[in-house]
Amino acid sequence: MRIGLAMPVAVAVMAGAVLGRWLGPAGNTLPVTSALGILLLVLATVRLRYCLWLAIVCWGVVAIPSQWARQLPPGLSGEDVRVDGRIIQTQQISGGLRLLVEVDRCEAPDLRPGCERLQRVRVSAYAPEPPLPKPGERWVMTLRLRPPNGFMNPGAFDYAHWLWREGIDATGYIRQEPSAQRLTAAPFSLRHQAHALLEKQPLSPRTRRWLAALTLGLGDQLTRDDWKLLNASGTTHLVVISGLHVGLVASFVLLLARGAARKLTPGNWRLRAWPWWLAGSAAFGYAVLAGMEPPAMRAMIMSVVGLWVLSGRHAPGPWQGWWLALAAVLVIDPVALWQPGLWLSFLAVAWLIIIWQGRPRPQGLRGWCWAVLRSQCLLAPLMAAAVLIAFGRVAPAAPLINLVAVPFMSLFMVPLALLGWLLTPVPYASTVVWWLFEQGLGGFYSALEVAVVHWPLWEPPRYLQLPWAVGLLVMALCWGLPGTARWLKLGALIIVMWVPFWPASSRPAGDDLLITVYDVGQGQLIELRSAHQRMLVDTGPRYRSGFMPLETLWPPGQHFDQVLVSHSDSDHAGGVQALRDQHQVDEWRAPAQEPIAVQRLDCQRGDEWQRDGVHYRVLWPNADQGESSSNDRSCVLSVQMGQQQVLITGDAGRQVERRLIGDLRSPVTVLVAGHHGSASSSGLQFVRAADARHVIFSAGRDNPFGHPNDDVVRRFREQGSCLWNTAQDGAVQLRLSPDAPLEINSLRGSAPRQRC
């Protein structure tokens, strides 16, 4: 491919990928691909270049939907399938293992859709019995799977999209009966052998984890605490196999090879090409050793193209090389277009080209130190803006940390880690080198913890994210582009400082109450926000793996005026620990007999309070509740603003509902259905007495309990209620105003008239 074609090829792949994403699953692309194919044949007779570009567009159109086509058919959701596959990754979780499996063969039950297209699945093994699965082994196992899906909440991490772009076609868990069986042992793999050798070293577990991540690309070895610290400090790029690591390997090999060439051929050593080829081969080999995952593959391509640019041998210019690397990455993997890491990497390189183009190469130690300082200072605001747009959060300490961490990791930690591998044949030599690495890691880790405590991860309100990102971008451009007037630079700083005072258009209006019924799977979590009050009703579930959906909704450090826990069942009180450990809660409320490990006020019938024009009233439980079940001790809360009423009944059953009828102020505007729509709640008398205009079921997709129950749904439909379900609609938001009708919307944008 000619260098001049790099930019058109990259643009053609992006156009095809965007078109394929817009068209959706593979079935919808058939008319478009057919039309493109006919046009391709016509253009082939006119000009070959146009034919090439259109062929690349077709590749993007086909590649994106084909990844959807591999996903588990909905008809197999919750069904057992028999899978023969190879273990790619293993990761320790609470109570078991999480496995990434490459599927060789899948057998579905009779009279069900086939699952032969599955390629990768992510499953959990709870309480596994020896022998434990290891990477590289082939196993046959019975899996209960479901299509890739995630919670749909405003401003939260899109897990379903992450699964799609990682090429994971289904998630689930391993059935204990019939038991899984190992078919073949792992074939020889230098990467796995190196990891096994590393596990035998007399080092701390943390050191072994970081060495595995830094040198072998085994990021799954890092714990959740490790990743939280890296994310909060903005140093994730230092650990995953990236351009830093591959570039260091290539640079080290190039330095040695050119030194050897100078000794062997002192007359014309600068003209020798083999040192550059050797450096490129080292970059490729290291990426293969690291598993050739997308970050490693991307870093390898960029490093090889960078070597070509620097060699000066019929080489492209910096921008031609940039487009060539981007085109190569996207042609190999069009799905990479949707990976934030790709754009963060290429944006950083592009900005470095801009700020250094036309400037002389630094000379001497002082010159290189100034170059690193200047690059980091000019790169920090641009990358902060990009991270804010991509992830909705930013690490305030990242610029200062990276100013020290990048040279520290580049010049000390990564060379020590790689040197340890080179010295493994020498007895005790690698142990000594890695011991030095361990001491440096201890200091680095402690410094990150101190920095995160003083400058924790910051997630600005959604209405501030875009203005702040634009302000940071303008500041980066004003300070990075040559010839910018000084008054523009100062103006950019003023814009960034003024952003916090941007009008809070998305905050609740002064007299409004914003209620969000979050999508947390099989559980319940409701947030109520008014001008001066932030309250939660229930905290969502906690799963066997230890995962709490509440952790995905907000960064640590949130403040809640009140948290009312309806009862102690894990699907309602599962997030109490996360709230207690990571956030500030002024007041807890819960039924007196419920075992919830917080200091709280008793939630009992007759409690009333007002805040911001909203009237809160507890309808249940009675003080003399007796030996009733935990469900029937649920705290039932009525929230009233003007003539509009929202009723939240927890898991209260029909007997409790009948006792509530006399206290209802019907019709109820919005009812959060009791017990997620279970048949034990929402009795006929209560449904008629409440006469709810809108009913929300907080239930999990494909939950094993069949919530909401068909009879319950039928009762509400016969009553004329509009029905919402977080499993299909995602989070449901209500806006109550004293002088305006109710506003109700779901995250997936379904119109209320379609459900009445």
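Note that the structure is a prediction, hence the values are computed from the model and not measured.
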For Thr207, side-chain hydrogen bond (donor to acceptor under 3.5 Å, both in side chains) partners two or more places apart: Ser204, Glu438
Over 12 foreign heavy atoms within 6.0 Å of CZ, Phe547: yes
For Arg120, all residues meeting side-chain hydrogen bond (donor to acceptor under 3.5 Å, both in side chains), sequence neighbours excluded: none
List the atom pairs, donor and acceptor, that lie under 3.5 Å between side-chain atoms in residues 471-478 and the rest of the protein, sequence neighbours left out.
none

Donor-acceptor side-chain pairing of Asn149 and Tyr159 below 3.5 angstrom: no
Ser233 and Trp455 side chains, donor-acceptor separation under 3.5 Å: no
Lys NZ or Arg CZ of Arg21 over Trp338 ring: under 6.0 Å, within 45°: yes
Test log, rule side-chain contact (heavy atoms from CB on, under 4.5 Å), inputs Val520 and Leu550: CA-CA 8 Å; Val520 292; Leu550 180 141; over 6 Å; no
Centroid separation Trp554 to Tyr518 less than 6.0 Å: yes
Distance (rounded to the nearest 0.5 Å) between Arg122 CZ and Gln89 CD: 9.0 Å
Any side-chain donor near an acceptor of the partner, Glu137 and Trp139, under 3.5 Å: yes
His195: partners by side-chain contact (heavy atoms from CB on, under 4.5 Å), with sequence neighbours left out: Glu199, Ala212, Leu216, Leu218, Gln221
side-chain hydrogen bond (donor to acceptor under 3.5 Å, both in side chains) against Thr236, all qualifying residues, sequence neighbours excluded: Asn231
Pairing residues for Trp421 by the ring pair (Phe, Tyr, Trp, His ring centres under 6.0 Å) criterion, not counting sequence neighbours: Trp434
Shortest non-hydrogen separation from Met14 to Leu330 and the atoms involved: CG-CD1, 3.5 Å
Where Gly114 and Pro73 come nearest, the two heavy atoms and their spacing: O-CG, 3.2 Å
